[in-house]
Amino acid sequence: MPSNNTFVTTNGGDVVSNHPMETSRISPCSHKEADTQMFVHARQAVEEGFQNVIVKANDTDVLVIAISALPALQGIGLKHHLAGIRSRSEPAEDSDIMASASPLKDIDEQYLQCCICMEQLKEPKILSCLHRYCQACLKKIVKKGAKKIECVTCREVHTLPKGGINGLKTDFNTKNIIEFIQLQDSVKVDPLRTCIHCKKKQEASAFCFRCNDFLCEKCHAFHASSPIFQDRHPHIFSLSEAEAANLTIQKLSSLKVAPRCQTHPEKLSELCCTTCGNLPICVPCTYGKHRGHNLEEVKSLAKIQREMLKGKITDLLQYKEKAYRMREEIKEAKDKLELNVDQESQKLQEHLYREGERIKKKIHDAEKESNTNQADLEERMKEETSIRKKELEKEMRESRERYEQACREEQQEADLNLSKIKEKNNEEKEQLEEWLGVINNKIQELLASIRTQKDENAKKIKELSDHFDGIVKRFENVTATADCILAAKNDWTDVQCILDICRAVDLLREEVKRDSPGMGNQSVVKIRGLSAGVTVRGKVSISEDVESIVDLHIEEGMHIDDITGNEDGTIAITGWTSTLQTYIAVITMGGSLQQRNILPGTGWNSLRCSFLSEYLIAVIASGGDQIGIYDIRDKSRRFFNLSDVIMNSPTYQRVSSVTTDPVNGHIIVGCNSRDVYVFNSKLEYVKTIKLPDVVKGAGDIAMYGGNLFVCDLSQPHKAFAVTMEQTASEVEYEFTKPTTGGSNWYPRSVCTDQTGHIYMLWRGGGGSLIVQYTKDGGQIELEREVDWTHGVSAITAVQTKQGEKLLLPTYSTKKLLTYGLT
């Protein structure tokens with residue numbers, strides 16, 4: 001370091017220097033932020049007699065503080081100043097990006113470059129996000145008649161004004177800088193410019209921004225001294241200063257003239273009409289088109305708006321760390337997703353290997369037992385035959401026929417027993433081999449599910465990553481644009497630009513302030529149904545009797561319409577109260593109430609529900625028009641009216657049932673018509689499925705393996721399995737109607753277990769009946785009568801620590817019936 005330079009730094013709270021100096025005013029240095037420490041040292045330097053201060057940083061916060069602190073430092077003796085920033089993503093060089101009060105030569109070329117043509121901006125148009133492009137380039141990427149435009153840099157979508165691309169605002173500040181740089185370049189290319197004011201065509205030595213042309217030295221002197229050209233004095237620029245290192249944006253702004261009035265182009269603007277969006281106008285306009293409008297003097301208005309912008313930028317910078325932090329969280333989530341997929345896949349493979357080895361051992365043991373039983377039987381037969389032979393030899397002479405008959409009978413009995421043993425062992429072996437095949441197929445399904453979840457989560461992470469990259473780009477562009485405007489201090493440019501910048505700041509601040517989406521869920525893949533779906537049960541049976549009947553601890557007067565459960569054993573019920581309000585509650589298997597929430601605005605309707613994910617429940621107001629999602633974590637809910645989305649739906653149509661497809665994140669809504677609507681987890685419409693002609697309406701629905709199971713409550717009360725792949729579904733099969741206790745049954749509710757077995761609650765004059773059906777044909781496997789006094793309203797299957805259970809809530813007596821599945 002040169003010995004004539006004074007170096008001052010901090011060591012903890014102490015201030016040390018390489019030269020003797022008074023440091024009591026800044027020691028101890030207890031500022032927590034380095035941004036403010038810089039200007040404590042800057043003030044100390046000016047007070048010590050230094051007139052030049054350079055502050056370099058890679059943070060726009062410093063720039064905002066510098067602009068605020070500059071008047072105070074100039075007041076105590078600061079003569080020259082330079083505050084520069086550089087991009088976070090580029091090497092730390094002094095000339096990077098742009099400086100608020102730096103020389104024009106230090107402005108980064110990228111700031112003045114169009115991101116479409118990658119050339120210097122021509123007639124720059126600025127979008128609401130403050131990114132700027134050439135007018136001609138925007139016209140190339142926007143189709144004729146388009147109403148919207150997507151920003152190439154941050155992907156924000158903006159509505160075009162009435163005039164299309166031409167109606168977008170011109171970025172006057174950037175345009176001024178470019179025009180001056182072009183002036184500098186023209187002087188370099190042709191330094192022998194001639195004067196346009198005299199006939200001698202002498203070499204130009206100055207440029208008049210009011211006349212918009214070159215002046216020779218003589219005309220320059222006349223321009224600068226003559227009272228006739230007094231209004232041009234501030235706008236004359238000496239060409240000798242074109243390469244000056246201290247020529248700043250602020251100096252350039254002082255040379256520019258006021259814009260011309262749009263109504264009277266021959267006149268310069270003198271006032272601003274804030275009623276018309278800070279439009280520059282001349283004095284005659286105040287008596288004409290702008291009469292009665294709110295008019296402001298440009299200098300005072302620009303000062304007010306500059307202070308407003310400083311405050312908004314300072315407020316925005318408080319959220320900068322959050323915007324940058326989200327990008328890091330997204331990267332971490334992506335890495336965790338890859339790791340979790342590998343771990344879950346490995347877990348599945350290990351589980352498959354263990355199950356395979358266990359079943360192979362069973363097969364081996366069964367074969368060994370069969371061989372042992374056969375050998376024992378043969379040995380026993382030999383002994384018995386030998387004994388019998390000795391006994392019968394004594395009687396042979398008396399009854400040879402009886403001996404032969406007895407031998408034949410003994411042999412037949414032995415053959416029959418051996419045949420039964422072989423048949424039993426073969427059945428067990430075939431069943432175990434079938435189970436092994438089912439397990440392998442289930443493992444492949446689960447692996448496919450993991451891959452699907454990974455692809456979906458990776459897509460969501462990519463969308464979030466692009467979104468927050470756009471926010472960061474907008475953040476950097478907004479702060480850089482604001483810094484440039486504040487540094488220029490051009491009143492006319494300020495009043496035309498600052499309001500747009502403030503709007504962009506407000507929008508960006510609100511977007512950054514929003515709760516960040518949790519990255520944890522996006523980095524996780526779940527194996528659905530590992531316990532029950534992989535460790536395959538053979539023939540599933542419903543327990544002969546109800547395992548338990550517990551009281552649900554909910555308020556008096558509450559009626560229960562529906563029940564749902566997720567794979568973690570969480571149970572939710574829905575219904576309505578005695579005051580005709582609908583509610584949703586979360587309960588335990590023991591009937592304890594964990595939470596209850598009244599849902600306003602759904603009217604007096606039956607409330608149906610189905611878990612979409614671990615925390616989200618799809619809800620519909622059966623008999624009404626509303627569809628929504630309820631979050632059990634914070635009790636938040638989002639609802640919309642079906643008729644507002646499906647514009648051509650029949651006027652009589654009402655929603656009646658709901659189920660979910662957690663793998664695809666879909667909500668499936670049935671109606672009192674043949675239309676079934678599919679929405680995604682954001683409640684965005686996906687498609688409509690038209691039920692077959694034989695189905696009149698969906699009283700209740702459930703989904704498994706690509707089929708939709710429909711309880712049709714209209715006469716003659718049937719139930720069907722239909723396809724879901726096409727928009728026009730087809731009947732796969734009709735469920736067999738139960739005959740126990742007569743034929744007057746109607747299907748009330750339907751669900752499936754994790755193995756794909758189907759359970760339907762039928763109701764009729766004789767009470768309620770649970771019917772278990774085969775997985776592939778709707779044939780009855782078994783039936784269980786439910787005590788009619790309970791009046792059950794719905795059925796669902798829930799995984800518990802004790803295995804999978806069937807749960808049935810009662811309509812008005814508030815009981816929960818549990819049946820086991822074995």
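From a predicted model like this one, the values you see are computed outputs, not experimental measurements. FYI, side chains are in, hydrogens and waters are out, and symmetry mates aren't considered; it's all heavy atoms of this structure.
Sparse packing is recorded around NZ of Lys459, with 12 or fewer heavy atoms of other residues, nucleotides or ligands lying under 6.0 Å away. A 6.0 Å sphere centred on NZ of Lys462 holds no more than 12 heavy atoms belonging to other residues, nucleotides or ligands. The number of heavy atoms from other shown groups lying within 6.0 Å of CD (Glu684) is above 12.
Glu785 and Leu769 make their closest contact through CG-CD1, 3.5 Å (heavy atoms, listed as atom of the first residue, atom of the second, distance). In this structure, Val658 and Ser610 approach most closely via the heavy-atom pair O-CB, 4.0 Å. Between Leu552 and Leu816, the shortest heavy-atom contact is CD2-CB, 3.7 Å. The shortest non-hydrogen separation linking Ala794 to Asp562 is CB-OD1, 3.6 Å. Contact between Arg654 and Gly623 at its shortest, heavy atoms only, is CD-O, 3.4 Å. The minimum heavy-atom distance between Thr660 and Pro662, with the atom names listed, is O-CD, 3.5 Å.
To the nearest 0.5 angstrom, Ile620 atom CD1 is 9.5 Å from Cys609 atom SG. The CZ atom of Arg784 sits 7.0 Å away from the OG atom of Ser541 when rounded to the nearest 0.5 Å. In this structure, the separation between CZ on Arg674 and CD1 on Ile689 is 13.0 Å, given to the nearest 0.5 Å. Once rounded to the nearest 0.5 Å, the distance linking SG of Cys151 with NE2 of His158 reads 5.0 Å. Here the CD1 atom belonging to Ile617 is positioned 10.5 Å from the CD1 atom belonging to Ile629, to the nearest 0.5 angstrom. In this structure, the separation between CE on Met724 and CD on Glu732 is 12.5 Å, given to the nearest 0.5 Å.
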Q | Derivation and outcome, side chain to side chain contact (heavy atoms under 4.5 Å, CB included), residues Asp675 and Lys690 | A | CA-CA 5 Å; Asp675 292 327; Lys690 182 70 74 173; 2.6 Å; yes
Q: Verify side chain to side chain contact (heavy atoms under 4.5 Å, CB included) between Ile627 and Val645, making sure each step is shown before the conclusion.
A: CA-CA 11 Å; Ile627 302 169; Val645 178; over 6 Å; no
**Q.** Residues Thr659, Leu708; criterion side chain to side chain contact (heavy atoms under 4.5 Å, CB included); working and verdict
**A.** CA-CA 9 Å; Thr659 189; Leu708 187 67; 4.3 Å; yes
(Q) Between Glu156 and Leu507, is the side chain to side chain contact (heavy atoms under 4.5 Å, CB included) condition met? List the steps. (A) CA-CA 11 Å; Glu156 279 293 297; Leu507 289 172; over 6 Å; no
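Between Thr574 and Leu599 the shortest side-chain heavy-atom distance does not fall below 4.5 Å. At a threshold of 4.5 Å between non-hydrogen side-chain atoms, the residues Leu168 and Leu160 count as touching. Put simply, the side chain of His666 reaches to within 4.5 Å of the side chain of Val686, judged on heavy atoms. Taking 4.5 Å as the limit, some side-chain heavy atom of Glu783 sits within range of a side-chain heavy atom of Val771. At a threshold of 4.5 Å between non-hydrogen side-chain atoms, the residues Leu821 and Ile542 count as touching. With contacts defined as side-chain heavy-atom distances shorter than 4.5 Å, the pair Val676/Ser729 does not qualify. Under the 4.5 Å side-chain criterion, counting only non-hydrogen atoms from C-beta, Thr588 is not in contact with Ile571. Within the 4.5 Å cutoff, no side-chain heavy atoms of His467 are placed close to those of Arg155.
In this structure, Asn566 contributes its side chain and Glu614 its backbone to a donor-acceptor pair below 3.5 Å. With hydrogens and angles disregarded, no donor-acceptor distance shorter than 3.5 Å links the side chain of Ser768 to the backbone of Val786. Formation of a donor-acceptor pair under 3.5 Å by the Lys814 side chain with backbone atoms of Tyr811 is not found in this model. The backbone N or O of Leu607 sits less than 3.5 Å from a side-chain atom of Asp561, completing a donor-acceptor pair. Remark: the backbone N or O of Glu804 is not paired with any side-chain donor or acceptor of Thr800 at under 3.5 angstrom. For Thr774 (side chain) and Gln779 (main-chain N/O), a donor-acceptor pair under 3.5 Å exists by modelled atom type. A side-chain donor-acceptor contact under 3.5 Å links Thr723 to the backbone of Glu730. Panel note: side chain Tyr583, backbone His559; a donor-acceptor pair is recorded below 3.5 Å. Checked by atom type and distance alone, the side chain of Thr564 pairs as donor or acceptor with a backbone atom of Phe611 at under 3.5 Å. Not one N or O on the side chain of Tyr746 forms a donor-acceptor pair closer than 3.5 Å with the backbone of Cys711.
The residues Asp506 and Arg509 are annotated as salt-bridged, a charged nitrogen and a carboxylate oxygen being separated by less than 4.0 angstrom. A salt bridge links Arg608 to Asp700: one of the charged nitrogens lies within less than 4.0 Å of a carboxylate oxygen. Using a cut-off of 4.0 Å between Lys/Arg side-chain N and Asp/Glu carboxylate O, Arg638 and Asp631 are scored as not salt-bridged.
No hydrogens or angles considered: a donor-acceptor pair under 3.5 Å links the side chains of Asp625 and Ser643. Side-chain atoms of Gln653 and Ser673 include a donor-acceptor pair closer than 3.5 Å.
Tested against Tyr759, the residues Asp753, Thr796, Thr752 include a single side chain to side chain donor-acceptor pair (under 3.5 Å) partner, Asp753.
Relative orientation of the Phe679 and Tyr685 rings is perpendicular, given thresholds of 30° and 60° on the angle between their planes. The aromatic rings of Phe709 and Tyr733 sit tilted, their planes meeting at an angle between 30° and 60°.
Residues satisfying the side-chain contact (heavy atoms from CB on, under 4.5 Å) criterion with Ser543, sequence neighbours excluded, are Glu547, Tyr819.
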